[in-house]
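Lettering of chains follows the sequences in order, A, B, ..., and the numbering in each one begins at 1.
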2 protein chains.
Amino acid sequence: MGEYVNDDDLSRILKAVGDTTRRHILTLLVQEGAMRVTALAAHFDMSLNAVSKHIKVLEEAGLVARKTLGREHFIAAELGRLSLTESWFGKLKSIWELRLAALDNLLVSKDEQNAE
Amino acid sequence: MGEYVNDDDLSRILKAVGDTTRRHILTLLVQEGAMRVTALAAHFDMSLNAVSKHIKVLEEAGLVARKTLGREHFIAAELGRLSLTESWFGKLKSIWELRLAALDNLLVSKDEQNAE
DNA sequence: CCAATAGTCAACCATTTGGATGAATATAAT
DNA sequence: ATTATATTCATCCAAATGGTTGACTATTGG
């Protein structure tokens, strides 16, 4: 609750999710559950290594968790971190609405002046 | 309503907002309302030109609108586009929950089998 | 034991990005 | 008319990004 939104974390998350391939990976993970690196890579027209790097970026952003069983790495989505971005968006919107409300009050008091 | 989420748009928006300076610009705009380029730039320890470029990126992502009055450009936040990202996050979460529900059903029917 | 499989790491490359600076353009002020 | 202000455009640069390939490590199966 009330988690502190670190700016660097936020940047890392948004950058991670700003790439099509990585969003696609996340989508696959939420619909299929945990997947191995090779299984994920099979969905993309690029090398295994490239996909592996994308996974690393997602992992560093905390959007994905890795469980290693023998030689196999199981990757699972961690949607929790997305709430950080949502809370930032929410903050923006609330500031926005606060300002609009303040403007409204200003207009109302002008009206009252005029009504005298 | 039900706006079609274009993948490239989404990438552009998320990349735009993945930069600290640009997030800061958006924050300033929502709290102050429309601002001139120079006024925005005054808040940052970088050249006017750099800020101008950041504004351009935000503009191309549709997160900001520009109204030109004479030589002055007034920049205003356009929070509407942020809903695109929210709807993507929402989609992810709903897929996620669908899958969990499906797993649940699976377990329940196994239970029923065992109960025979 | 040996070969195959699952992954990462390292080096390399082209492109993009975030910044700087200098010039150009358009408007406003004197 | 000239100068000052507001802003973008163009060029340049270093660093980051997204991709490739080749080598390396670790685990598993025959």
So, does Ser52(A) get its side chain near the phosphate of dT8(C), meaning an N or O under 4.0 Å from OP1 or OP2? yes

Would you mind reading off the distance between Arg36(B) atom CZ and dT5(D) atom C1', rounded to a whole angstrom? 9 Å

Whole Å only: how far is the CD1 atom of Ile55(B) from the C1' atom of dG19(C)? 15 Å

Would you say the side chain of Val17(A) lies within less than 4.5 Å of the side chain of Trp88(B), judging by non-hydrogen atoms? yes

By ring pair (Phe, Tyr, Trp, His ring centres under 6.0 Å) - contacts of His43(B) (at least two apart): none

Is the distance from OP1 or OP2 of dG18(D) to the nearest side-chain N or O of His54(A) less than 4.0 Å? no

Rounded to the nearest 0.5 Å, how far apart are OG1 of Thr85(B) and CD1 of Ile13(B)? 7.0 Å

Can you give one letter per nucleotide of nucleotides 24-30 of chain D, 5' to 3': B if a protein heavy atom sits under 4.0 Å from the base, S if only from the sugar-phosphate, - if neither? ---BS--

Residues in side-chain hydrogen bond (donor to acceptor under 3.5 Å, both in side chains) contact with Ser11(A), at least two apart in sequence or another chain: Thr20(B), Arg23(B)

Hey, can you pull the residues of residues 25-35 of chain B with a non-hydrogen atom under 4.0 angstrom from DNA chain D? none

Side-chain donor or acceptor of Arg99(B) paired with backbone N/O of Val30(A) under 3.5 Å: yes

Show me the donor-acceptor pairs, under 3.5 Å and distance only, between side chains in residues 52-68 of chain B and residues at least two apart or in other chains.
residue: His54(B); atom: ND1; partner: Arg22(B); partner atom: NH1; Å: 3.1
residue: Glu59(B); atom: OE1; partner: Arg66(B); partner atom: NE; Å: 3.2
residue: Glu59(B); atom: OE1; partner: Arg66(B); partner atom: NH2; Å: 2.8
residue: Glu59(B); atom: OE2; partner: Arg66(B); partner atom: NE; Å: 3.1
residue: Arg66(B); atom: NH1; partner: His73(B); partner atom: ND1; Å: 2.9

Which nucleotide, dT21(C), dG7(C), dG19(C), lies nearest any side-chain atom of Ser47(B)? dT21(C)

Can you name the nearest heavy-atom pair linking Ala77(A) to Trp96(B), along with the distance? O-CH2, 3.9 Å

Look up atom CG in Asp19(B) and atom OG1 in Thr21(B), then write down how far apart they are to the nearest 0.5 Å. 4.5 Å

Could you go through nucleotides 15-17 of chain D and list every protein N or O atom that sits under 3.5 Å from one of its N or O atoms, giving the distance for each pair?
none

Contacting residues from residues 38-46 of chain A, given that a heavy atom lies under 4.0 angstrom of DNA chain C: Thr38(A)

Starting at CG of Leu48(A) and ending at C1' of dG19(D), how long is that distance when rounded to a whole Å? 13 Å

Using a cutoff of under 3.5 Å, can you pull out all pairs of nitrogen or oxygen atoms linking the protein to nucleotides 9-11 of chain C, with atom names and distances?
residue: dC9(C); atom: N4; partner: Asn49(A); partner atom: ND2; Å: 2.5

Nearest-0.5 Å distance, CG of residue Leu84(B) to CG of residue Asp7(B): 11.0 Å

Can you list the residues that meet the side-chain hydrogen bond (donor to acceptor under 3.5 Å, both in side chains) rule with Glu86(A), with sequence neighbours excluded? Lys93(B)

Distance (rounded to the nearest 0.5 Å) between Ile75(A) CD1 and Glu32(A) CD: 14.5 Å

Taken to the nearest whole Å, CD/Glu59(A) to C1'/dT8(C) is 11 Å

Here's a test of your reading of the structure: between His73(B) and Val57(A), which maps to the more 5' nucleotide of DNA chain D? His73(B)

I want to check something: taking the side chain as every heavy atom from C-beta on, are Lys91(B) and Phe89(B) in contact at a cut-off of under 4.5 Å? no

Leu10(B) side chain near Leu14(B) side chain, heavy-atom distance below 4.5 Å: yes

Listed by chain and number, what are the side-chain contact (heavy atoms from CB on, under 4.5 Å) partners of Leu48(A), not counting sequence neighbours? Val37(A), Thr38(A), Ala41(A)

Listed partners of Ser47(A) passing side-chain contact (heavy atoms from CB on, under 4.5 Å), at least two apart: Asn49(A), Ala50(A)

Restricting to ring pair (Phe, Tyr, Trp, His ring centres under 6.0 Å), what partner residues turn up for Phe44(B), sequence neighbours left out? His24(B)

